Protein chains: 2
Amino acid sequence: MSPEHTQHTGETCPASKREILSRIGDKWSLEIVGNLWHGPKRFNELMRSIGGISQRMLTLTLRGLERDGLISRTILPTRPPRVDYELTEMGKTLIDPVHALVTWAINNEARIHACRAKFDAAENS
Amino acid sequence: MSPEHTQHTGETCPASKREILSRIGDKWSLEIVGNLWHGPKRFNELMRSIGGISQRMLTLTLRGLERDGLISRTILPTRPPRVDYELTEMGKTLIDPVHALVTWAINNEARIHACRAKFDAAENS
DNA sequence: CGGAATCCCCCCCGATACTG
DNA sequence: CAGTATCGGGGGGGATTCCG
């Protein structure tokens, strides 16, 4: 164990890295991790707080994250049934990197939209 | 300007954040940014170093990143023609967050595959 | 060399309906 | 409440061909 910080200043890393990145870097996974970093949430809680995700995609993405060991799924034997989703220890190590990316997105959103408008105007000339 | 670090501990940020995230979080954008953080590269240079990307997707993704103001495209009037792609100033601010994510992916790849195997074995029982 | 254009397949994903 | 099942379209993306 203890993969000791794989020295990696650039290139390398063929397809497997990309596989992992597209797993956690897809449209909904980042969102779910972002919505779980305060603590556990239930299915419909996630559904509401994410907004715009279909039941199907929420289920599928949660399954994928669970399969990868990033979140845990706990069934509470209450009535009505209740299921809590929570970041695992490994999942929690994702918080910092994801948070950095989310913060970047928020801070640069306006600038990006400005660039887009400029670019589109230029090519329509 | 100067969006001064948007305080953001969790939720918030509706659809626009997701739009930006899915822009840079798609299959190829992260890869391209990762391959440019050492300096400019040419089209076919990127093609080779990324590996597995089609000409079409490289073109499309580069256009998208250029449109968003994250990379610049410079045509050198040499013979044969030569085109350099390079991170813009805003693009360079992406290096740290992306690098964090890539490092995470590399360091957790083995563990994730182990989790997957375990999960798949469990449900096939 | 660095593209643009066309064709076409696959699968992602939303909508809807049903279950425990 | 928390899912599963099924259908169907839309577009992501590969292969190929042609251009400057």
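Sequence lines set the chain letters: A, B, ... in the order given, protein chains first and strands last, and positions in each chain run from 1. Since the model is a prediction, treat every value here as computed from it, not as a measurement.
- In this structure, the NZ atom of A:K27 is 11 Å from the C1' atom of C:dG14, given to the nearest Å.
- Per the geometry, CE belonging to B:M47 stands 10 Å off P belonging to C:dG2, to the nearest Å.
- Here the closest heavy-atom approach between residue A:I71 and residue A:L87 is recorded as CG2-CD2, 3.8 Å.
- Between the CG atom of B:L101 and the CD1 atom of A:I24 there is a distance of 4.0 Å, given to the nearest 0.5 Å.
- Rounded to an integer number of Å, the gap from CZ of B:R23 to C1' of D:dG12 is 13 Å.
- At the phosphate of C:dT6, neither OP1 nor OP2 sits under 4.0 Å from any side-chain N or O atom of B:R56.
- Using a 4.0 Å heavy-atom criterion, one finds that B:R79 contacts no nucleic acid atom at all.
- The two atoms that bring B:R23 and B:L65 nearest to each other are NH2-N, 3.6 Å, heavy atoms only.
- Note: CG (B:L76) to C1' (C:dC1) measures 12 Å, nearest angstrom.
- In this structure, CG of B:D26 is placed 15 Å from P of C:dC12, rounded to the nearest angstrom.
- For A:R73 and D:dG3, the shortest distance from a side-chain N or O to OP1 or OP2 is below 4.0 Å.
- Judged by closest nucleotide on DNA chain C, A:L60 is the one of A:L60 and A:P81 placed further toward the 5' end.
- The residue among B:M57 and A:Q55 whose nearest nucleotide of DNA chain D is located toward the 5' end is A:Q55.
- With rounding to the nearest 0.5 Å, the separation of CG in A:D84 from CZ in A:R42 is 7.0 Å.
- Listed pair B:Y85 / C:dG3 meets the phosphate criterion, a side-chain N or O lying under 4.0 Å from OP1 or OP2.
- Rounded to whole Å, the distance from CD1 on A:I75 to P on C:dG20 is 15 Å.
- For the pair B:I53 CD1 and D:dG13 P, the computed distance is 9 Å after rounding to whole Å.
- Rounded to whole Å, atom P of D:dG13 lies 17 Å from atom CZ of B:R63.
- The end-to-end axis angle of the helix from C:dC1-D:dG20 to C:dG20-D:dC1, rounded to 10 degrees and based on five pairs per end, is 50°.
- One finds the CZ atom of A:R67 at 12.5 Å from the CG atom of A:L60 (value rounded to the nearest 0.5 Å).
- In terms of phosphate contacts, A:R82 brings no side-chain nitrogen or oxygen within less than 4.0 Å of OP1 or OP2 of D:dA2.
- By the 30° and 60° cut-offs, the orientation of the rings of A:H99 relative to A:W37 is perpendicular.
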